[in-house]
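Here the structure comes first, spelled out in structure tokens, and everything after it is commentary.
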Amino acid sequence: MGAEVKIWNPVEVAEQASHDYVSQIHPSQLTIDPSLELTQMTPLVINMCRDMFKAWANLADSCFAVEKISGGITNLLLKVSVKQENCIEEIITIRLYGPNTEFIIDRQRELQATKFITAAGFGAKWLGIFGNGMVQSFINAQTLSPSDMREPKLVAKIAKQLQRFHYVEIPGSKEPQLWNDVWKFFEKASGLEYDDSEKQKTYETISFKELHDEIVELKELCDLLKSPVIFAHNDLLSGNIMINCEEDKLYFIDYEYASYNYRGYDIGNHFAEYAGFDCDFHLYPNINEQYHFLRHYLQPERPYEVSEKDLEALYVEANTFSLASHIFWALWGLIQAKMSPIEFDYLGYFFLRYKEYKRQKEKYFLLAQTYLSGCKK
């Protein structure tokens with residue numbers, strides 16, 4: 001089955017990791033089909049755990065409890081509790097990659113990011129790797145909802161954490177990936193054929209000539225803003241932020257899209273995610289809400305000492321780049337509509353994001369152009 005195709009050679013990855021990662025990474029050559037029902041999947045998961053962690057090799061099936069934590073739009077998260085002699089010995093998380101996702105996600109880039117982000121103390125600890133996924137320590141925390149993300153206290157925490165995240169050093173090329181990724185997606189999205197004739201008819205209403213011109217024009221404007229290049233999460237939606245209220249700890253998870261990128265894009269994309277998957281863009285943060293975030297991002301320890309000039313510059317940067325976020329995820333939706341087995345209206349998602357891009361374009365182009373002409377003076 002396509003779902004069980006190996007993404008990488010786990011033994012090679014684990015060996016490579018031993019050179020630049022502090023903990024031992026346990027490999028298994030096994031793969032697990034993410035489309036199976038949990039009851040069918042459970043024995044395979046147990047088998048893989050025994051194969052990967054030698055200390056568990058002889059444990060009975062009854063020592064393992066497997067449950068679904070969540071099914072994201074590109075992967076499936078499982079929680080495995082392992083009991084030995086009635087005390088919970090350990091809880092791990094298994095991230096199973098969905099079929100065809102490597103068509104959209106650069107798994108090698110994600111792997112490199114995960115290695116160094118977790119070493120820097122963000123998210124879960126990386127424990128193991130198998131044919132089509134990875135194993136991490138379990139984070140005892142709750143995923144945020146889109147409405148939680150606007151909570152002023154949490155906004156300050158997210159901003160502070162994001163500033164720290166942006167300083168993570170990842171070896172390799174420091175080239176920002178936004179426009180490379182947008183053009184890659186554009187190329188894939190503009191040559192699709194859907195099996196479903198209704199989908200195909202809808203798809204044919206899209207003008208790729210218009211989209212091409214929009215990308216060229218937007219890139220030219222964004223380039224003028226000279227947004228600093230940092231290490232970006234690139235997908236900071238509510239589902240990728242977790243909080244443990246008792247310990248007052250915030251976590252960023254899921255580095256599938258993480259790369260070096262523009263600061264304005266990571267922040268603008270985060271603001272666009274206030275709308276959730278339903279794309280309720282009335283929830284996009286207003287200037288006061290954004291300023292609250294930006295103050296805590298620019299000066300986490302002394303947020304109210306941030307100058308108006310710095311606030312305005314980052315406000316313009318983030319909102320201009322939020323337009324690029326709409327285009328990026330709109331194109332992503334078109335590809336997913338063809339590739340993903342998950343029940344979600346990806347084609348509809350393209351139109352919601354692209355429509356919002358067009359609705360906001362004039363406003364944010366004007367904002368950026370006015371700001372830039374003021375700078376020249």
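This is a predicted model, so every value here is computed, not measured.
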- Task: Run the numbers on Tyr315 and Leu367 for side-chain contact (heavy atoms from CB on, under 4.5 Å), then give the verdict.
- Result: CA-CA 10 Å; Tyr315 175 76; Leu367 177 78; 4.0 Å; yes

- Item | Intermediate values then yes/no, side-chain contact (heavy atoms from CB on, under 4.5 Å), Leu334 and Tyr346 | CA-CA 6 Å; Leu334 287 181; Tyr346 290 106; over 6 Å; no

- Task: Could you walk me through whether Lys184 and Glu187 pass the salt bridge (charged side-chain N to carboxylate O under 4.0 Å, His left out) test, one step at a time?
- Result: CA-CA 5 Å; Lys184 248 184 253 170; Glu187 218 171 287; over 6 Å; no

- Query: Hey, mind stepping through Met242 and Leu144 against side-chain contact (heavy atoms from CB on, under 4.5 Å) and telling me if it holds?
  - Reply: CA-CA 6 Å; Met242 298 182 86; Leu144 299 190; over 6 Å; no

- Take Glu317 and Arg263 through the test salt bridge (charged side-chain N to carboxylate O under 4.0 Å, His left out) and record every step on the way to the result. CA-CA 8 Å; Glu317 200 185 299; Arg263 173 183 72 176; 2.7 Å; yes

- Kindly indicate, with the supporting measurements, whether the criterion side-chain contact (heavy atoms from CB on, under 4.5 Å) is fulfilled by Ile241 and Ile158. CA-CA 8 Å; Ile241 306 171; Ile158 293 166; 4.0 Å; yes

- Task: For the pair Asn319 and Gln290, evaluate side-chain hydrogen bond (donor to acceptor under 3.5 Å, both in side chains) and give the outcome as yes or no after the intermediate values.
- Result: CA-CA 10 Å; Asn319 287 287; Gln290 288 195 33; 2.9 Å; yes

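By the 4.5 Å heavy-atom criterion applied to side chains, Cys279 and Arg353 are counted as neighbours. Side-chain contact between Tyr291 and Ile287 is present, with at least one heavy-atom pair separated by less than 4.5 Å. For the pair Phe231/Phe116, no side-chain contact is recorded, criterion being any heavy-atom separation below 4.5 Å from C-beta on. Cys49 has its side chain within reach of Ile94: a pair of non-hydrogen atoms, C-beta onward, lies under 4.5 Å apart. Within the 4.5 Å cutoff, no side-chain heavy atoms of Asn9 are placed close to those of Val13. Within the 4.5 Å cutoff, no side-chain heavy atoms of Ile25 are placed close to those of Leu127. Two residues are said to be in side-chain contact when any heavy atoms from C-beta on lie closer than 4.5 Å; Cys222 and Trp179 meet this criterion.
Distance alone, capped at 3.5 Å, is enough to place a donor-acceptor pair between the His296 side chain and the His292 backbone. Distance alone, capped at 3.5 Å, is enough to place a donor-acceptor pair between the Asn240 side chain and the Asp235 backbone. With hydrogens and angles ignored, the 3.5 Å screen pairs no side-chain donor or acceptor of Trp329 with any backbone N or O of Tyr349. With Glu312 contributing its side chain and Lys309 its backbone, the two residues share no donor-acceptor pair below 3.5 Å. Lys199 places a side-chain N or O within donor-acceptor distance of the main-chain N or O of Ala337, the cut-off being under 3.5 Å. For His270 (side chain) and Leu237 (main-chain N/O), no donor-acceptor pair under 3.5 Å exists by modelled atom type.
Counting heavy atoms of neighbouring residues, nucleotides and ligands inside a 6.0 Å radius, atom NZ of Lys54 exceeds 12 of them. In the displayed structure, Asn286 atom CG is contacted under 6.0 Å by more than 12 heavy atoms of other residues, nucleotides or ligands. Atom NZ of Lys188 has more than 12 heavy atoms from other residues, nucleotides or ligands within 6.0 Å. Other residues, nucleotides and ligands place no more than 12 heavy atoms under 6.0 Å from the CD atom of Gln142. For Lys355, the NZ atom sits in a loose shell: 12 or fewer heavy atoms of surrounding residues, nucleotides or ligands are nearer than 6.0 Å. For NZ of Lys125, the number of neighbouring non-hydrogen atoms (other residues, nucleotides, ligands) closer than 6.0 Å is 12 at most.
Salt-bridge check for Lys361 with Glu217: passed, with a basic side-chain N closer than 4.0 Å to an acidic carboxylate O. Taking the charged nitrogens against the carboxylate oxygens, Arg359 and Glu356 do have a contact shorter than 4.0 Å, which makes a salt bridge. Ion pair Arg150/Glu289 flagged as a salt bridge, since at least one NZ, NE, NH1 or NH2 atom sits closer than 4.0 Å to an Asp/Glu carboxylate oxygen. With respect to the salt-bridge test (charged N to carboxylate O, under 4.0 angstrom), the residues Asp61 and Arg50 qualify. Checked for salt-bridge contact, Lys201 and Glu198 meet the test: a charged N lies under 4.0 Å from a carboxylate O. Using a 4.0 Å cut-off between charged nitrogen and carboxylate oxygen, Glu210 and Lys358 count as a salt-bridge pair.
For the pair Arg107 and Tyr97, the cation-pi test (distance below 6.0 Å, angle within 45°) is passed.
Between the SG atom in Cys375 and the NZ atom in Lys226 there is a gap of 11.0 Å [rounded to 0.5 Å]. From His212, atom NE2 reaches atom CH2 of Trp183 across 4.0 Å, with rounding to the nearest 0.5 Å. Atoms NZ and CD1, on Lys83 and Ile91 in that order, are 10.0 Å from each other to the nearest 0.5 Å. Expressed to the nearest 0.5 Å, how far CD1 of Ile117 lies from CD of Gln112 amounts to 10.0 Å.
Taking all atoms of both residues into account, the shortest heavy-atom contact from Glu193 to Lys338 is O-NZ, 2.7 Å. Closest non-hydrogen pair, Ala313 versus Tyr371, comes out as CB-OH, 3.2 Å. The two atoms that bring Ser322 and Gly268 nearest to each other are CB-O, 3.6 Å, heavy atoms only. Summarising the geometry of Asn269 relative to Leu236, their closest heavy-atom pair is ND2-N, 3.8 Å, with the distance given to 0.1 Å. When all heavy atoms are compared, the tightest approach of Ala318 to Phe271 is CB-CE1, 4.2 Å.
Here the two rings, on Tyr357 and Phe328, have centers that are 6.0 Å apart or farther.
Trp56 and Phe53 have tilted rings, their planes meeting at an angle from 30° to 60° on a 0 to 90° scale. Taking the six-membered ring where the residue is Trp, His233 and Tyr255 present perpendicular rings, their angle passing 60° and hence far from 30°. Note on ring orientation: taking the six-membered ring where Trp is involved, the planes of Phe122 and Phe252 are parallel (angle under 30°, cut-offs 30° and 60°).
The closest side-chain donor-acceptor pair between Ser28 and Asp51 falls under 3.5 angstrom.
Put simply, the residue from His166, Gln163, Lys160 that forms a side-chain hydrogen bond (donor to acceptor under 3.5 Å, both in side chains) with Tyr297 is His166. For the side chain to side chain contact (heavy atoms under 4.5 Å, CB included) with Thr114, the lone residue among Arg95, Gln136, Glu256, Arg109 that qualifies is Gln136. Of the residues listed (Thr93, Ile69, Ile32, Leu38), the one engaging Leu78 in a side chain to side chain contact (heavy atoms under 4.5 Å, CB included) is Leu38, and it is the only one.
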